[in-house]
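Remarks on the structure that follows.
Counting starts at 1 for both ligands and their atoms, following the listed order.
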Amino acid sequence: MARPVLCLQKPAWEAAWRLLRAAYPEEAVGAFVGRDCAEEAVFLPNVAEDPKVAYRADPGALLRLLRRLEEEGRELLAFFHSHPEGLAFPSARDREEARWPVPYVIFGLKEGRARAFLLPSEEEVGIEVVEP
Ligand SMILES: [Zn+2]
């Protein structure tokens with residue numbers, strides 16, 4: 001089977017990098033949303049106890065986003081979060097807490113690199129950035 005691929009429109013990809021860097025040194029979290037190819041990076045408040053080392057998307061904000069997407073006929077295509085000091089690779093906690101059958105995109109800010117994985121399997125998903 002071919003490797004799965006996550007399609008991101010360039011403005012959504014760039015917005016994610018910009019806002020994740022702006023949140024440094026804290027971890028930030030959000031979702032890529034759209035129809036087939038993500039057209040928007042939506043940030044969700046990080047309500048983790050210590051946002052410098054963990055993330056937890058605000059459940060109320062996530063629920064509101066899901067309702068809005070349903071009304072708009074769009075989908076949550078992937079989650080993303082940053083590792084301000086770490087690598088673009090899932091932590092043990094990322095694997096344990098993953099509940100969604102969508103790719104988790106991890107932005108390693110120090111490396112300047114992002115990689116996407118299905119969790120907890122750690123199957124890597126390709127990232128394709130396209131012009132809108
Ligand atoms: Zn993580």
Task: N, O or S atom within H83 nearest to the Zn ion (ligand 1), by name - done: NE2
Open item on the list: Among the N, O or S atoms of D94, which one sits nearest to the Zn ion (ligand 1)?
Closed with: OD2
Open item on the list: Taking the ring of W13 and the ring of F107, is the distance between their centroids below 6.0 Å?
Closed with: yes
- [ ] May I ask you to check whether F79 and F32 place their ring centres under 6.0 Å from each other?
- [x] no
Task: Ring centers of F43, F80 separated by less than 6.0 Å - done: yes
- [ ] Before accepting this row, confirm whether a basic side-chain N of the pair E124/R115 lies closer than 4.0 Å to the acidic partner's carboxylate O.
- [x] yes
Open item on the list: the Zn ion (ligand 1) and E27: any N/O/S contact shorter than 2.8 Å?
Closed with: no
